[in-house]
Amino acid sequence: MAKSIDIRQLSEAISVEKDNGTKVNYFLYPEFEIHQNVLPANTIQDWHKHQAIEEIIVPTKGNVTIQVLEDNAIKTYTANCGEVLRVKQSIHRIIGDVKEETEFIVFRFVPTGSDQSDKIKNDKVDCEKLVAEILKEK
């Protein structure tokens with residue numbers, strides 16, 4: 001495996017099928033997790049919350065509906081393919097589409113509370129000249 005790239009194969013994931021039929025492939029890393037989820041049609045996950053982590057949900061097939069308990073009432077939100085849903089430390093559950101299975105990716109991380117946006121926006125370094133020089137030396 002290359003030093004600078006880490007490609008995880010499906011065979012390296014922890015694959016689980018839950019009692020409600022949800023299939024999850026867990027890709028675990030020291031600083032974050034990525035889960036590939038397939039939620040069968042008409043499936044509702046149990047209510048739960050996370051104490052430290054946040055989840056970013058990206059629908060890849062169908063729509064992801066999430067219910068949260070806010071202000072002592074259930075509020076419903078739906079994320080379509082091409083949208084990103086951030087689940088903070090709320091009491092929530094995910095609801096599958098009534099007619100077809102839903103697929104989505106979950107990115108799980110522990111937020112630090114510090115604003116990293118400048119670092120993220122300005123982290124890219126142009127290496128065109130460096131690569132050309134290195135390749136020219138060979």
Side-chain angles (χ1 to χ4, degrees):
M1 182 186 321
K3 294 180 195 177
S4 57
I5 299 295
D6 179 4
I7 298 176
R8 301 279 173 102
Q9 303 297 318
L10 185 57
S11 61
E12 298 175 86
I14 298 170
S15 298
V16 174
E17 184 168 347
K18 299 182 179 186
D19 291 341
N20 65 8
T22 300
K23 296 176 185 171
V24 185
N25 295 316
Y26 295 97
F27 292 90
L28 308 178
Y29 298 86
E31 297 169 324
F32 60 91
E33 293 180 9
I34 299 174
H35 304 174
Q36 296 172 326
N37 292 262
V38 177
L39 194 62
N42 212 25
T43 299
I44 300 175
Q45 292 184 341
D46 294 334
W47 285 101
H48 66 282
K49 73 176 221 162
H50 305 284
Q51 297 177 81
I53 70 162
E54 287 191 22
E55 295 178 314
I56 303 295
I57 298 174
V58 181
T60 56
K61 178 183 174 191
N63 304 321
V64 174
T65 299
I66 189 161
Q67 289 185 325
V68 296
L69 186 61
E70 286 182 5
D71 303 320
N72 297 321
I74 295 174
K75 296 191 179 172
T76 303
Y77 302 91
T78 299
N80 305 303
C81 283
E83 296 180 327
V84 175
L85 175 72
R86 182 177 181 185
V87 180
K88 299 179 180 182
Q89 282 97 18
S90 62
I91 297 174
H92 62 278
R93 67 181 178 179
I94 297 174
I95 301 172
D97 187 275
V98 176
K99 297 179 183 175
E100 64 182 1
E101 71 182 16
T102 302
E103 295 180 14
F104 54 96
I105 297 173
V106 178
F107 298 89
R108 298 176 90 191
F109 65 99
V110 178
T112 64
S114 63
D115 185 345
Q116 300 289 322
S117 58
D118 282 340
K119 185 185 291 186
I120 294 166
K121 288 179 202 172
N122 298 305
D123 190 60
K124 183 178 177 181
V125 177
D126 185 350
C127 295
E128 289 293 325
K129 290 180 183 177
L130 176 62
V131 171
E133 288 176 24
I134 291 171
L135 295 177
K136 185 178 177 182
E137 293 174 6
K138 288 189 172 195

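All values below were derived from every heavy atom in this structure, side-chain atoms included, with hydrogens, water molecules and symmetry-related copies excluded.
By the salt bridge (Lys or Arg N to Asp or Glu O under 4.0 Å) test, D71 pairs with K75, sequence neighbours left out. Remark: E100 engages no residue in a salt bridge (Lys or Arg N to Asp or Glu O under 4.0 Å) (not counting sequence neighbours). Listed by chain and residue number, R86 satisfy the side-chain hydrogen bond (donor to acceptor under 3.5 Å, both in side chains) test with E54 (two or more places apart in sequence, or in another chain). With sequence neighbours left out, the ring-ring contact (aromatic ring centres under 6.0 Å, His included) criterion links Y26 to H35. For N25, the side-chain hydrogen bond (donor to acceptor under 3.5 Å, both in side chains) partners two or more places apart in sequence, or in a different chain, are S15, Q36. In this view, Y77 and E70 satisfy the side-chain hydrogen bond (donor to acceptor under 3.5 Å, both in side chains) rule, not counting sequence neighbours. Listed by chain and number, the residues in a salt bridge (Lys or Arg N to Asp or Glu O under 4.0 Å) with K88 amount to none (sequence neighbours excluded). Residues meeting the side-chain contact (heavy atoms from CB on, under 4.5 Å) test with E128, sequence neighbours left out: D126. For V98, the side-chain contact (heavy atoms from CB on, under 4.5 Å) criterion is met by N42, not counting sequence neighbours. Not counting sequence neighbours, the partners of Q45 by the side-chain contact (heavy atoms from CB on, under 4.5 Å) test are N20, T22, L39, H48, I94. Considering only residues two or more places apart in sequence or on other chains, E55 meets the salt bridge (Lys or Arg N to Asp or Glu O under 4.0 Å) condition with R108. Partners of T65 by side-chain contact (heavy atoms from CB on, under 4.5 Å), not counting sequence neighbours, listed by chain and number: T76, T78, I95.
Remark: side-chain polar atoms of E133 are not paired, donor with acceptor, to backbone N or O of L130 under 3.5 angstrom. Between the side chain of T102 and the main chain of V64, no donor-acceptor pair closer than 3.5 Å is present.
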side-chain contact (heavy atoms from CB on, under 4.5 Å) between I34 and I105: does it pass, once the steps are laid out?
CA-CA 7 Å; I34 299 174; I105 297 173; 3.7 Å; yes
V84 and I56: side-chain contact (heavy atoms from CB on, under 4.5 Å), yes or no, with the steps?
CA-CA 7 Å; V84 175; I56 303 295; 3.4 Å; yes
Could you walk me through whether K18 and V16 satisfy the side-chain contact (heavy atoms from CB on, under 4.5 Å) test, starting with their C-alpha distance in whole Å, then the side-chain angles of each, then the deciding distance to 0.1 Å, before giving a yes or no?
CA-CA 6 Å; K18 299 182 179 186; V16 174; 4.2 Å; yes
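Within 6.0 Å of NZ on K49 lie no more than 12 heavy atoms contributed by other residues, nucleotides or ligands.
Rounding to the nearest 0.5 angstrom, the gap separating the CD1 atom in I66 from the NE2 atom in H92 is 5.0 Å. Considering CZ of R93 and CG of D46, their distance stands at 9.0 Å, rounded to 0.5 Å. Note that CD1 of I91 and NE2 of H50 are 11.5 Å apart. Values are rounded to the nearest 0.5 Å. Note that SG of C81 is 6.5 Å distant from CG of N63, once rounded to the nearest 0.5 Å. Rounding to the nearest 0.5 Å gives a distance of 12.0 Å between OG1 of T43 and CG of D19. The CG atom of D6 lies 10.5 Å from the CZ atom of F27; values are rounded to the nearest 0.5 Å.
Under the 4.5 Å side-chain heavy-atom criterion for grouping Ile, Leu, Val, Met, Phe, Trp and Tyr, V87 is connected to V68 within one hydrophobic cluster. Note on I7 and F32: separate hydrophobic clusters, where clusters join Ile, Leu, Val, Met, Phe, Trp and Tyr whose side-chain heavy atoms are under 4.5 Å apart, directly or indirectly. Connection of V58 to L10 is established within a shared hydrophobic cluster, with ILVMFWY side chains joined at heavy-atom distances below 4.5 Å, either directly or through further cluster members.
Counting heavy atoms from C-beta outward, I53 and F109 have side chains that stay 4.5 Å or more apart. A 4.5 Å side-chain heavy-atom check between R8 and Y29 finds at least one atom pair inside the cut-off. Annotation: side chain of I14 is in contact with side chain of L28 (closest heavy-atom distance under 4.5 Å).
Nearest heavy atom pair, residue I74 against residue W47, reads CD1-CZ2, 3.9 Å. Looking at every heavy atom in both residues, A79 comes nearest to P59 through O-CG, 3.4 Å. Between P111 and A52, the shortest heavy-atom distance links the atoms CD-O, 3.4 Å.
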